[in-house]
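Structure record follows, encoded as C-alpha cells.
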Amino acid sequence: MGRYILKRLLSAIPVLLGITVIVFLIMAMIPGDPATAILGSYATPENVAKLNRDLGLDKPLVQRYFIWLGNMLTGDFGRSFSLNRPALDEIVERFSATLVLAGTSFVLCSLLGILAGVVSAARQYGLADKAITFVVLIGISVPSFFLGMMMILLFAVNLRWLPVSGMYAIYGGGDLPDLLRHLAMPALALAAVATGVIARLSRSAMLEVLRQDYIRTARAKGVPERRVLMGHALRAAMVSIIPVLGIQAGFVLSGAVYIELVFQWPGVGRMLVDAILKRDIILVQGGVVFVAACYVLFNIAVDVAQSLLDPRIKT
Amino acid sequence: MSAFLRLLFRNRLAALGAVVLGAILLLVLAIPLLPLPDPDVIATADRFQPPFSEGHLLGTDHLGRDLLSRLLYGTRLSLAVGVVAALIAASIGSAIGIIAGYFGGRIDNIIMRGVDMLMAFPYILLALAIVAALGPGLLNALIAVAAVNIPFFARNIRGITAGLAQREFIDAARLAGLGHTRIILQELFPNVLPVIVIAMSTTVGWMILETAGLSFLGLGSQPPQADLGSMLGEARAALISAPHTSFVPGVMIFLIVMSVNLLGDGIRDALDPRLKSGALSRPLPMTQVRRRGDVPPATDDLLAIQHLETQFHVGKRIYRAVNRVSLAVKPGECLGVIGESGSGKSVTALSVMGLVSSPPGVITGGAVRLEGEDLLGAKYETLRAKRGEKVAYIFQDPLATLHPLYKVGHQLAEAIQVHHKPSDREARARALDLLKSVRMPNAESRLDNYPHEMSGGMRQRVGIAMALANDPEVIIADEPTTALDVTVQAQILALLDDLRRERGLAIVFITHDFGVVAQLCDSVAVMYAGRIVEQGPTDTVLNAPAHPYTKRLIACVPELGGGQRELAAIPGLPPVVDNLPEGCAFAPRCDKARDECRRGDIPLDGQAPRAVRCLFPEEPVT
C-alpha cells in the first residue's frame, strides 16, 4: 500500500507541472502590459520599466516560467499588491476557510447522496423513490447561489434561526457552536447540486449491482435484505460511486466561489474574484495553482480509497 | 426518428421539459412583437415597484427598470450565450476528440495528456484564470465557459471515435484510398454526430448556468447589459428589502436549467436500449407470487414442487418459463433435471426459494413444499430463515456468483452467521472446516483469498462449501460443473456424491449433460419448453428413453471408447415460450411428429415413477 501511494504521488508530479504551465500560459495571454495595469495612473515609463524589472517581466517567457516555478517551490508565491502582503499567506488563510465550508459540504453531499440513492434503488418506482427523484431533480436544477439567497430570506430574515452571513459573529463569536450556526446554510446550499448528482448515480449503481449474480447468492444464503442492500450491494456499488465523489469534490470546490460571495464567507473563491476585479494577477495565479494542486492531491486520496475498497485493483 | 420522438414524449417528465423550454423560447423569440418597455430606461422614482403594479407586471428593479422586460432580454442573452458556448465547446472538443481517436498512437497520447491536465482543475479555477487574463466581460466569460468544457467533449468523442476507427467500414475506406480528411468527414463524422448531440443536450443547461454564474460574480456581462446571472447579482444587494428582484431572474434560471435537464435525460433514456426493455429493474428480495387456482395438498416428500407455474411478464408478453412442473425428492435422494438452455430447468430451481428475478418473474400457480410447508405462500422472513439453512444452492460460474470484494472466509462465515450466532472466531474455524471438507488445498491460507485470486475449480469448491455451511436438508445444484474442465468436474461430482451418502442430503441437480446425470442421480426429469416431457429412474430413462427428445438428447453425449460415432445434434432450436403452439412443443423438431401431435394438450402419462408426454413414445412406459 505504501508503495502504491508513493507511485501515485510520483505520477502526480507531471500533472502538477502541467497545471503550472497551463496557468502560466493563460496569464501570459494578458493583453497589454501588466505593469501598466498594476500601476494605473502612476504608469510613467520609468515606473513601468522599474516594475517590469522587479517582476522579472523583461526576461524571455521560458526563463520567467522557471523563475516563477522555482520561487513557488521554495514557498515564495510573490506579493499581492492589492493586499500588500505575501500571496501565499493570504491564500493559505483564505483556503482554510474554504476547506471548512467545502469539506463540510462534501461530507454532507456524500452521505445524503448515497443514502438517498440506496433508498431510491431499494424502493424502485415506490413512493420514496419518486419523492427522492423529484427532490433530486429540483436540487440539480436550482443554481446554488439562488438557493443560498432564498435560504437567507427564509432562515435568516423570516425565521431568524441562523445568521445572515459571515463565518463568525463579530462580537462574542469564534467558538464551534458559532461556526456551526454560520456554516449550516452555506454548507447545505453548496451541497445541494452534488447531493443530487451523487444520489442519481448511487441509485443507478445500486440497481446495476442488485441484478448481479452474487446478490442472488447472498439472498440464497439467507442474508437479510437490509444487509444485502447496505452490505453486499452498497459495497460493490461504491466501486463506481467513489470516482464520482472525487469529481463532485471538484464541483463543490467550484461552487464554493458563488456560495462564499452570497454568504460573505472569507474563503479563497471570494479572494480570487476580488483579485480578478482588482487585476491582482500574482494573487490569482498563485491561488489557482495552490487550489488546483490541493485538488490533485485529494484525487490521489480518492484513488487510494478506491484501491482499499477493491482488491482487484493492482497496488 | 418518429419512434424516438414517441419514446421521448412517452416520458412525461421529458415532455414537461420540452413544453417549459418551448414556452420560454417562444416568449424570447416574440420579444420584438411584445409591447415591452426599454429594459435599460432608468426611472429612479419608480424603483422597487412590487409585482403586478401599474405598467410593470413583475415590478421594477433598483433603478426603476421594468423587470419583465429585463427578464426577457436577459433570458435571451443567457440562452444565446449558453448555446453558443456549448456549440464552441462541442465543435472544438469533438474535433480534438476525433483527431485523437482516429489517429491514435502518439498523437492520441499527447492530446489526451493535455486533456487530462485540463481536467485536473476544478472547472471554475480554469474559468476564473481565463477571465482573469482576458478581463471581465460577457464575451470573455463565454470563452472561459466554452474552454472549460472542451476536455469533456474531447474525452467522450475520442472514446467513441477510437472504437469506430477499428471497424471494418473505416478499413474499407482506407483500402479504397480515401484520404484522412475524407474518411473523417464522410465516414466517421456522421457516426459520431449523434453522440455529440447527446453530449450537448446534457451539457447545454450546465453551460447556461456557468455563464450565469460568472455574470453573478460580476465577471460576465457588464452594466447596462444584463443576463440572468448579472440581474441576480445586482439584485443581491436588495435581497432583504426587495426579494422579488432576486426571485424573478433566479426562478427563470431554475426553469431553464430544469427543463433542459429533463429534456436531456429524456433524450438519453430514449436512446438507451436497456431502459426500453425495462432491464434496469431491481429484483425484489423474493419472487412475486400471484397464484390462481387451488394450492395442491401436502405430500410426505422432503421437497415437493407441485404444478409449479413461473412466468416472466415483459411488457405485454408472457413467457411461460415453467408450466405446471411437479418434482419431488426424499432424504438422500438425488434427482436430475435435464434440458437445453431455455427449457425452464434453472427457473424451476430458483422458484423453490423465491430467487427468480422479480420483476419480471411471477409465480402464478402451484406450490413448493418443504416438509409439507408451502413456501410460496410464506412471508419473506419465514422464507429467508430457510434459505441456506434448510435449502441451499450451488450456482454455476462462481466468479460471478461469489462477491468480488469480500474474502472467501468472510463469505463462508457470513453464511453461518446469518442463521446462527457463533463468535467470529468460531465462524472462521467452521469456515476452515468447510473448506477442508470440500478438499480445498491449503485451506487455511485460502480463507483470506478473494474469489479472483482462485482458480475456477477452487471457487466452485467454495460455492459447495458455502452451500454446506448450515448442514441443509436439500441442495439445489444449478449446473455447478458446467464451467469446469473434465477432471475437476469429476472430482466435484464425486465430492457431492460422498456428501449425499455421508449426510443424507437430498440433491436436485440441474444440468444439460446426461453423462453427469448417469454418474450421480437416482432419477431424472427431462424438461422441454417449460414442461416435463419424461421422467423415471435414471437407468430406465437412459437405457429405454421413451420421448423422442430424450432419445436425441442422450445421443448427443459422446461415449468413451465409442469410436467414430457421430454426434447427433438436434436440428432446430428450442421454442421461445411466449407463444407456444398447441400440442407437443417438440413437434416442429421431431421427425416422428404426426398431425395429432399438433393438437390439444398432451398429458404426462405413465405409471409412477415412469412418465412420458408423448402420443407415440419410443418405448411403452406402462
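These values consider heavy atoms only, across backbone and side chains, with no hydrogens, waters or symmetry-generated copies. Naming convention: chains lettered A, B, ... in sequence-line order (proteins, then strands); numbering from 1 in each chain.
The residue among A:Val284, A:Val157, A:Ile19, A:Val142 with the most heavy atom pairs within less than 4.5 Å of chain B is A:Ile19. When the candidates B:Gly388, B:Gly213, B:Ala212 are compared by the number of heavy-atom contacts under 4.5 Å with chain A, B:Gly213 comes out ahead. Ranking A:Pro311, A:Ala249, A:Ala121, A:Gly287 against chain B, the residue ahead of the rest is A:Pro311, based on heavy-atom pairs under 4.5 Å. Most heavy-atom pairs under 4.5 Å with chain B: of the set A:Met206, A:Gln285, A:Met149, this distinction falls to A:Met149. Each of A:Leu137, A:Val239, A:Ile215 has some count of heavy-atom pairs under 4.5 Å with chain B, and the biggest count is that of A:Leu137. Considering only heavy-atom pairs separated by less than 4.5 Å from chain A, the leading option among B:Tyr380, B:Trp206, B:Phe395 is B:Phe395. When the candidates B:Val418, B:Ile130, B:Val251 are compared by the number of heavy-atom contacts under 4.5 Å with chain A, B:Val418 comes out ahead. Most heavy-atom pairs under 4.5 Å with chain A, from the set B:Met119, B:Glu389, B:Arg387: that is B:Arg387. If you tally non-hydrogen atom pairs under 4.5 Å between each of A:Ala236, A:Ala218, A:Ala256 and chain B, the highest count goes to A:Ala236.
Only the side chain of B:Met466 comes within contact range of chain A, with heavy atoms under 4.5 Å apart. Residue A:Met150 touches chain B through its side chain alone, counting heavy-atom pairs closer than 4.5 Å. Neither the backbone nor the side chain of A:Val209 comes within contact range of chain B; no heavy atoms are under 4.5 Å apart. B:Leu118 touches chain A through backbone and side chain together, each having a heavy atom under 4.5 Å away. For B:Ser357, no part lies near chain A; criterion is any non-hydrogen pair under 4.5 Å. Both the backbone and the side chain of B:Phe216 come within less than 4.5 Å of a heavy atom of chain A. Heavy-atom distances place no part of B:Pro472 under 4.5 Å from chain A, backbone and side chain included. Using a 4.5 Å cut-off between heavy atoms, A:Ile22 touches chain B through its side chain atoms alone. Residue contact with chain B, scored on non-hydrogen atoms closer than 4.5 Å, is absent for A:Asn299. There is no contact between B:Ala392 and chain A, counting heavy-atom distances below 4.5 Å. Heavy atoms closer than 4.5 Å to chain B are found nowhere in A:Ile247, neither backbone nor side chain. Only the side chain of B:His419 comes within less than 4.5 Å of a heavy atom of chain A; its backbone N, CA, C and O stay farther away. Contact of A:Gln212 with chain B is not made at all, since no heavy-atom distance falls under 4.5 Å. Residue contact with chain B, scored on non-hydrogen atoms closer than 4.5 Å, involves the side chain of A:Leu272 exclusively. Of the two parts of A:Arg226, neither the backbone nor the side chain holds a non-hydrogen atom closer than 4.5 Å to a non-hydrogen atom of chain B. The part of B:Pro136 that comes within reach of chain A is its side chain, from C-beta onward, which places non-hydrogen atoms under 4.5 angstrom from that chain. Using a 4.5 Å cut-off between heavy atoms, B:Tyr123 contacts chain A through both its backbone and its side chain. With a 4.5 angstrom heavy-atom cutoff, B:Leu232 touches chain A via backbone and side-chain atoms both.
Counting only heavy atoms from C-beta outward, the side chains of A:Tyr214 and B:Leu402 never approach each other to under 4.5 Å. With contacts defined as side-chain heavy-atom distances shorter than 4.5 Å, the pair A:Val228/B:Pro285 does not qualify. At least one side-chain heavy atom of B:Asp265 sits under 4.5 Å from a side-chain heavy atom of A:Arg200. In this structure, A:Arg312 and B:Leu405 have side chains that are in contact, with non-hydrogen atoms separated by less than 4.5 Å. The closest side-chain heavy-atom distance from A:Ile26 to B:Leu134 is not below 4.5 Å.
To the nearest 0.5 Å, the span separating CG on B:Leu239 from CG on A:Leu153 amounts to 4.0 Å. The distance from atom CD of B:Glu210 to atom OG of A:Ser254, rounded to the nearest 0.5 Å, is 8.5 Å. Considering CZ of B:Phe247 and CZ of A:Phe146, their distance stands at 5.0 Å, rounded to 0.5 Å. Taking CZ of A:Phe145 as the start and CG of B:Leu209 as the end, the distance is 5.5 Å to the nearest 0.5 Å. To the nearest 0.5 Å, atoms CD1 (B:Ile240) and CD1 (A:Ile152) are separated by 7.5 Å. A:Lys221 NZ to B:Ile416 CD1: the interatomic distance, rounded to the nearest 0.5 Å, is 9.5 Å.
Residues A:His232 and B:Gln411 bring no donor and acceptor atom of their side chains to less than 3.5 Å of each other.
B:Glu414 and A:Arg227 are joined by a salt bridge, as a carboxylate oxygen and a charged side-chain nitrogen come within less than 4.0 angstrom of each other. Salt bridge absent: B:Asp478 and A:Arg216 never bring a charged side-chain N and a carboxylate O closer than 4.0 Å.
Taking all atoms of both residues into account, the shortest heavy-atom contact from B:Ala132 to A:Ile276 is CB-CG1, 3.7 Å. When all heavy atoms of B:Ile124 and A:Tyr258 are compared, the closest pair comes out as CD1-OH, 3.5 Å. Nearest heavy atom pair, residue A:Arg211 against residue B:Pro283, reads CG-CD, 3.9 Å. When all heavy atoms of B:Arg282 and A:Leu210 are compared, the pair lying nearest together is CG-CD1, 3.5 Å.
A:Tyr295 and B:Phe121 have their aromatic ring centers separated by at least 6.0 angstrom.
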(request) In sequence, state the C-alpha distance, the side-chain angles, and the governing distance for A:Leu277 and B:Leu219, and then conclude on side-chain contact (heavy atoms from CB on, under 4.5 Å). (result) CA-CA 8 Å; A:Leu277 292 172; B:Leu219 304 176; 3.7 Å; yes
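Between the side chain of A:Arg219 and the backbone N or O of B:Leu284 there is at least one donor-acceptor pair closer than 3.5 Å.
Summarising the local packing, CZ of A:Arg8 is surrounded by more than 12 heavy atoms from other residues, nucleotides or ligands at distances under 6.0 Å.
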Mind listing the side-chain donor-acceptor pairs of residues 253-260 of chain B below 3.5 Å, one per line with the distance, residues two or more places apart or on another chain?
{"unit_1": "B:Ser259", "atom_1": "OG", "unit_2": "B:Leu255", "atom_2": "O", "d": "2.9"}
{"unit_1": "B:Ser259", "atom_1": "OG", "unit_2": "B:Ile256", "atom_2": "O", "d": "3.0"}

